[in-house]
Every structure is written in C-alpha cells, then in structure tokens.
Q: 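Dumping the structure here so I can ask a few things about it.
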Amino acid sequence: MLLTQEIRDGDCFVDLHLDPGRKADPFANLPRVAILHGLPDAASAKETVSLEWKRADLLEADIPIEGRETVLNTVEIAGQQPVTLPPVCLPYSPEFAPDEPGRGAAALAQIAMTTGGKERVEIPKIWSELPVRSRYVTLAPWLLVVAAFLFLLEILERRSGWLSKLAGSKIAARAQSKPVEPESESPASAPKTPQPHANKSKSPAPVPAMAKTPKTKPVPDKPEDDSSTLGAMRKARDRARWKENR
C-alpha cells in the first residue's frame, strides 16, 4: 500500500494506492483519516473521515482547507500502525491560482469543437433555440374516465330524475323572471277607419234582423198510462218545451 497527499483546487486529497494484482483487500473495514485543523491564535479542532473507493485500486478522502488553516492528517488502517502525513496548508488563495494548460476556456473550446457544441453566454436564449418536436398524449385513459362518468350519470338520471327536475326548474324560473314585452302595433297593420265627410249626415248602421225560428210542435211520445208518475213527468216536460218554443 502507498499513501499520497496532494493539494488540488483548494482541497487536500489523501490517496491510498493498493496493489492491482492483489488477491484480497489488506483490511476488513475502510481506513479512516484523523484530521487536526489548526488556525493561528485559535484552538485546534479534530475530525475523522473515511476513505472512499475512487477506483478498483484507489481509495481517496477529500479534505477542504480554509484560509490560513493548517491540516495534519493521520491515516488509520486496521491491523497497521497509524501513519501521520506531513502538515499542509494553502500556498495562496484558490482564486489566484495560475491557469494550467488544458483547463478552463481552452478545455471548453476543445470539447465544443469535438462534440459540435457552441458557446452560450445568455441562458434565456437556450429556450428560444430549442428545436420544436411533436409530443403525443395518450387520450384513451381520459376517454374511458369520461365514458364511465357519463354511464354513472345516466344511471343517476334514470333512478332519480334529478337532472330533469333541475333543468325544468331553471327553465321555469327563467320564464317567470323574463319581462313580458307589450305588443306594438305597426302602422301598416292597424285598421283604417274611414273619416266621415262634414257635409254628409250620419246615418245609423243597419241592425241585422234576427231570424225567427219556426215554432214546431213537439212530437208526442208514445201514450202511456196517465196514472204512472213517469208518464206525468214526461207530459210536464213536453208542455214546458212547447211553451218555450211558443
């Protein structure tokens, strides 16, 4: 096994390299790193992190360093003696780090040239330049839901008639609340009454004579016994009819 320590991008990376041709891992549990943080004119702080698998033969721990902080790392491996690494600190602030070849704008330009990309400085323009594609939505589930709803609604209407009653009450209320407009007679449809001339004398309109109805003598019914009450009543009725016609 080999331990290395490196400062990259403002962080301290502790790596544990294993033998690629090993038959088994030399430890049962993951190794740990005991970290001692020290600042000028301040008490030290302790922290413990575990090494994580980076590759099949490499374990790594990322330890951030802030400002003028100094870090002292001790690697603890089960069955082995703890190994203390040299203390490390930042030589300068990360924003003042010199540009490395193959990184930054040059790397992005190389990636864009390889993949056919382009520089996008303004993010809102990305949405306006997206290609338009058709999108299909499955309507079968929605149609089945609508059909089931209409089926249940029809059963409700047949059993209770609630919808018909509701519609009828609304129509009746609308008819009652609607004002009745008076019928306006147009001049063309109004009957024309002739104006009498001043020199002509007014003569009363002739009254049609009522037609006289001929008096008909009632046809006598079959002779019945005068002593019977039914015959007497019939005779009295015939006599009254004869007097009315007379």
Q: What do the steps show when you test Ile35 against Lys46 for side-chain contact (heavy atoms from CB on, under 4.5 Å), and what is the final call?
A: CA-CA 6 Å; Ile35 309 167; Lys46 295 182 180 180; over 6 Å; no
Q: To the nearest 0.5 angstrom, please state how far the CG atom of Leu166 sits from the CD1 atom of Ile171.
A: 10.0 Å
Q: Which residues satisfy the side chain to side chain contact (heavy atoms under 4.5 Å, CB included) test with Glu66, sequence neighbours excluded?
A: Glu69
Q: Verify the neighbour count for atom CZ of Arg159: are there more than 12 heavy atoms of other residues, nucleotides or ligands below 6.0 Å?
A: no
Q: If I compare all heavy atoms of Glu47 with all of Val49, which pair ends up nearest, and what's the gap?
A: OE2-CG1, 3.8 Å
Q: What is the distance from atom NZ of Lys54 to atom NE2 of His17, rounded to the nearest 0.5 Å?
A: 12.0 Å
Q: Looking at CD of Gln5 and CZ of Phe13, how far apart are the two atoms once the value is rounded to the nearest 0.5 Å?
A: 12.0 Å
Q: If you look at every heavy atom in Met1 and Pro26, which pair is closest and at what distance?
A: SD-CG, 3.6 Å
Q: Distance from Leu58 atom CG to Leu16 atom CG, nearest 0.5 Å?
A: 8.0 Å
Q: Is it true that Val146 and Ile155 fall in one hydrophobic cluster, defined by side-chain heavy atoms closer than 4.5 Å?
A: no
Q: With side chains defined as the heavy atoms from C-beta onward, is the minimum distance between Ile7 and Ile65 less than 4.5 Å?
A: yes
Q: Hey, are the side chains of Asp62 and Glu52 touching, using non-hydrogen atoms and a 4.5 Å cut-off?
A: no
Q: Count the heavy atoms belonging to other residues, nucleotides or ligands that lie under 6.0 Å from CD1 of Ile123, then report whether that count exceeds 12.
A: no
Q: Above 12 or not: heavy atoms from other molecules or residues under 6.0 Å from CH2 of Trp53?
A: yes
Q: Can you name the nearest heavy-atom pair linking Ser128 to Lys125, along with the distance?
A: OG-O, 2.9 Å
Q: Of Val75, Leu30, Asp25, Val14, which is the lone residue that meets side chain to side chain contact (heavy atoms under 4.5 Å, CB included) with Leu59?
A: Leu30
Q: Got a second to check how far Arg158's CZ is from Glu154's CD, nearest 0.5 Å?
A: 4.0 Å
Q: Locate the shortest heavy-atom distance separating Ala56 from Arg22; write the atom from each residue and the value.
A: O-NH2, 2.9 Å
Q: About how many Å separate CD of Glu60 and OG1 of Thr4, when rounded to the nearest 0.5 Å?
A: 8.5 Å
Q: So which atom in Ala61 and which in Ser50 form the shortest heavy-atom distance, rounded to 0.1 Å?
A: CB-O, 4.3 Å
Q: Check each of Leu36, Leu72, Asn73 against Thr84 using the side chain to side chain contact (heavy atoms under 4.5 Å, CB included) test, and report the only one that passes.
A: Leu72
Q: Quick one, Trp242 and Asp238 - any side-chain contact, counting heavy atoms below 4.5 Å?
A: no
Q: Give the intermediate values and the outcome of side-chain contact (heavy atoms from CB on, under 4.5 Å) for residues Cys89 and Arg68.
A: CA-CA 7 Å; Cys89 62; Arg68 297 184 298 166; over 6 Å; no
Q: Of the non-hydrogen atoms in Pro20 and Asp57, which two are nearest, and what is the gap between them?
A: CG-OD2, 3.5 Å
Q: Applying the side chain to side chain contact (heavy atoms under 4.5 Å, CB included) criterion to Pro141, which one of Val145, Thr138, Leu144 satisfies it?
A: Thr138
